[in-house]
Student: 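Handing you a structure now.
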Amino acid sequence: MKLFFRYFLMELKSAMEYKLSFLLVALGQFIVSFSAFLGAVFLLQRFTSIKGYSMEMIMLCTASILLQYTLAECLGRGFDNFPSLVKSGKFDRILLRPQNTMLQVMGSRFEFTRIGRLLQAVILMAAGLNSANVVWSIGKIMTLIFMMIGGICLFIGIFIITASFCFFTIEGLEIFNVFTNGAVEFGKYPIAVFGKRILQFCTYIIPYALIQYYPLLYLMGKSNQTLLIWVPLLACLFLLPAVLIWQFGVKHYKSCGS
Amino acid sequence: MKQYIAFFRIRFINFLQYKTAAWAAVGTQFIWGMLELIVYSVFYDEGIGIFPMDFQALVDYIWLKQAFLSFFALWVLDSDILESIRDGSVAYELCRPIKLYEMWFSKCSASRLSKCSLRFIPILLAAMLIPGRFRMSLPADLQLFCLFIVSMAAALLIISACCMLIYAITFYLLAPNGITLVISSLADFLSGAVIPLMFFPEPLRRIAELLPFASMQDLPLRIYGGELAYMEAVHVILLQLFWVIVLIALGKWLLKQVLKRVVVQGG
């Protein structure tokens with residue numbers, strides 16, 4: 001843990017060396033996600049609601065997925081860079097060191113430019129919660145915290161699986177974008193909107209619904225089942241197969257660099 | 001002229017090599033298009049509000065947008081060119097007896113055309129074969145289809161000219177990722193990549209349609225679905241030609257200013 005913190009500080013210092021570039025990237029990130037949200041707002045203005053879900057629900061869905069994804073990305077961006085580590089053979093160096101391989105890859109990069117998006121997610125979340133007139137209770141605060149924990153674990157799990165595939169394919173695979181960027185793009189809407197099949201997929205296979213749709217139902221008072229408070233924590237289980245796939249990948253790793 | 005065509009060909013053939021990347025992109029784009037269509041179909045099923053586009057025209061629009069993503073994507077820039085500006089090897093290019101603008105322009109348009117030529121056929125084929133209401137329709141009218149092709153060609157020129165502007169700005173900043181992201185995300189929104197411009201609220205839509213970004217993507221795609229009548233399509237193409245001339249002139253001027261005082265980095 002201490003080592004992880006050291007990696008973190010090191011990266012922060014190096015990012016601060018390029019201030020203008022840093023600010024522009026942060027601004028760009030903000031525009032990307034804001035324009036996506038604006039698109040949904042324009043559509044809703046025209047059609048007033050989607051399957052009975054109102055503007056507040058959309059705001060909360062957008063904000064929660066965005067927040068979870070951005071936090072996960074800040075921590076786990078090292079995995080995104082992973083194909084180049086494998087391709088250049090630098091992963092060999094990591095294997096030689098007496099430390100956990102996952103920790104080292106994770107620490108290889110932190111993205112601070114995501115602050116633009118983080119800010120937006122927090123503002124949206126506050127605005128959404130405010131206009132939805134949530135009646136606060138300890139259960140609801142817990143739901144919110146669990147949603148964040150579950151979401152971060154889920155997305156980091158996806159990052160790990162994506163990276164693990166590089167052990168076999170060397171190249172990064174674009175198809176995994178569907179599960180990361182796609183989740184942010186389409187997670188603006190409650191997952192139930194996409195129909196029963198996709199909802200089932202997002203509950204049992206890749207549990208997006210556990211960190212977005214179900215807990216938000218409870219948060220907004222549409223459901224009174226207290227079980228829903230604990231549901232987001234189930235998403236953490238997703239890390240388990242992710243770590244197994246990673247370990248399987250490391251075992252089968254053949255160096256290809258020089 | 002001959003040497004620029006050669007540059008174009010080299011780039012074009014070069015990118016045809018990446019077959020696996022192309023298949024991965026085909027899969028991604030197809031799933032993305034399906035999800036997008038599901039969202040719209042839910043909106044349309046509810047039936048509240050006014051629909052600015054016919055559902056079938058919207059289906060065509062979305063599939064074309066996905067199929068030609070690598071053609072439209074402004075954020076995908078030539079990393080060789082950006083790297084050569086940063087590390088100073090652009091100096092070699094300047095020594096050659098060719099014009100920098102024309103060379104980069106032909107490279108830029110070739111890589112776009114080549115990347116999308118691998119991708120668009122499988123996506124459109126799948127989109128035309130799937131059953132149900134997400135199926136893409138064949139072009140209704142031959143004349144309009146010809147105008148669509150002309151308009152897409154004009155869009156390619158506008159996109160390449162815009163990339164050239166980004167390269168010229170990179171000479172000042174050296175770190176390209178910030179400025180690229182800001183420009184491309186704005187362009188994305190205003191070109192109809194997020195939602196079609198028809199869904200924008202009224203005054204905003206009119207302004208956006210006149211900007212060069214709409215000419216890059218939104219307007220040509222609308223010609224295909226028959227949303228624009230024959231005369232309107234001709235107007236669109238005239239507007240596109242206007243932007244081609246303005247953007248190329250601006251890019252050439254800017255690059256000339258930059259090269260006058262270029263400081264080569266690195267050694």
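Everything quoted here is computed from the prediction, not taken from an experiment. Protein chains get the first letters and strands the later ones, always in sequence-line order, with residue 1 at the start of each.
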Student: If the threshold is 4.0 Å, N to carboxylate O, is there a salt bridge linking B:Glu209 and B:Arg206?
Tutor: no
Student: Determine whether the aromatic ring centres of residues B:Phe199 and A:Phe42 are separated by less than 6.0 angstrom.
Tutor: no
Student: Would you kindly check if the NZ (Lys) or CZ (Arg) of B:Arg222 is within the cone defined by 45 degrees around the ring axis of B:Tyr61 and under 6.0 Å from the six-membered ring centre?
Tutor: no
Student: Do the ring centers of B:Phe120 and B:Trp63 come within less than 6.0 Å of each other?
Tutor: no
Student: Need one label for B:Met34: side chain, backbone, both or neither, based on atoms under 4.5 Å from any heavy atom in chain A.
Tutor: neither
Student: Looking at chain B, which one of A:Ala36, A:Ser35, A:Ala40 has the largest number of heavy-atom pairs inside 4.5 Å, strictly under?
Tutor: A:Ser35
Student: Classify the ring geometry of A:Phe79 against A:Trp246: parallel below 30°, tilted from 30° to 60°, perpendicular beyond 60°.
Tutor: perpendicular
Student: Under 4.5 Å, heavy atom to heavy atom, which residues of residues 184-195 of chain B contact chain A?
Tutor: B:Ser185, B:Leu186, B:Phe189, B:Val194, B:Ile195
Student: Looking at B:Asp45 and B:Arg133, is any side-chain nitrogen of the basic one under 4.0 Å from a carboxylate oxygen of the acidic one?
Tutor: yes
Student: Find out whether A:Leu67 and A:Arg117 are in side-chain contact, i.e. whether some heavy atom of one side chain is under 4.5 Å from a heavy atom of the other.
Tutor: no
Student: For B:Ile31, is it the side chain, the backbone, both, or neither that has a heavy atom closer than 4.5 Å to a heavy atom of chain A?
Tutor: side chain
Student: Is the A:Phe165 to A:Phe176 ring centre distance short of 6.0 Å?
Tutor: yes
Student: Quick check on B:Glu36 against chain A: is it the side chain, the backbone, both or neither that has a heavy atom closer than 4.5 Å?
Tutor: both
Student: For the rings on A:Phe159 and A:Phe82, is their centre-to-centre separation under 6.0 Å?
Tutor: no
Student: Just to be sure I understand the criterion: a residue of residues 177-204 of chain A counts if one of its heavy atoms is under 4.5 Å from a heavy atom of chain B. Which ones qualify?
Tutor: A:Asn177, A:Val178, A:Asn181, A:Gly182, A:Glu185, A:Phe186, A:Tyr189, A:Val193, A:Phe194, A:Ile198
Student: Look up atom CG in B:Leu125 and atom CE in B:Met136, then write down how far apart they are to the nearest 0.5 Å.
Tutor: 11.0 Å
Student: Below 4.5 Å, heavy atoms only, C-beta onward: do A:Phe30 and A:Ile115 meet side chain to side chain?
Tutor: no
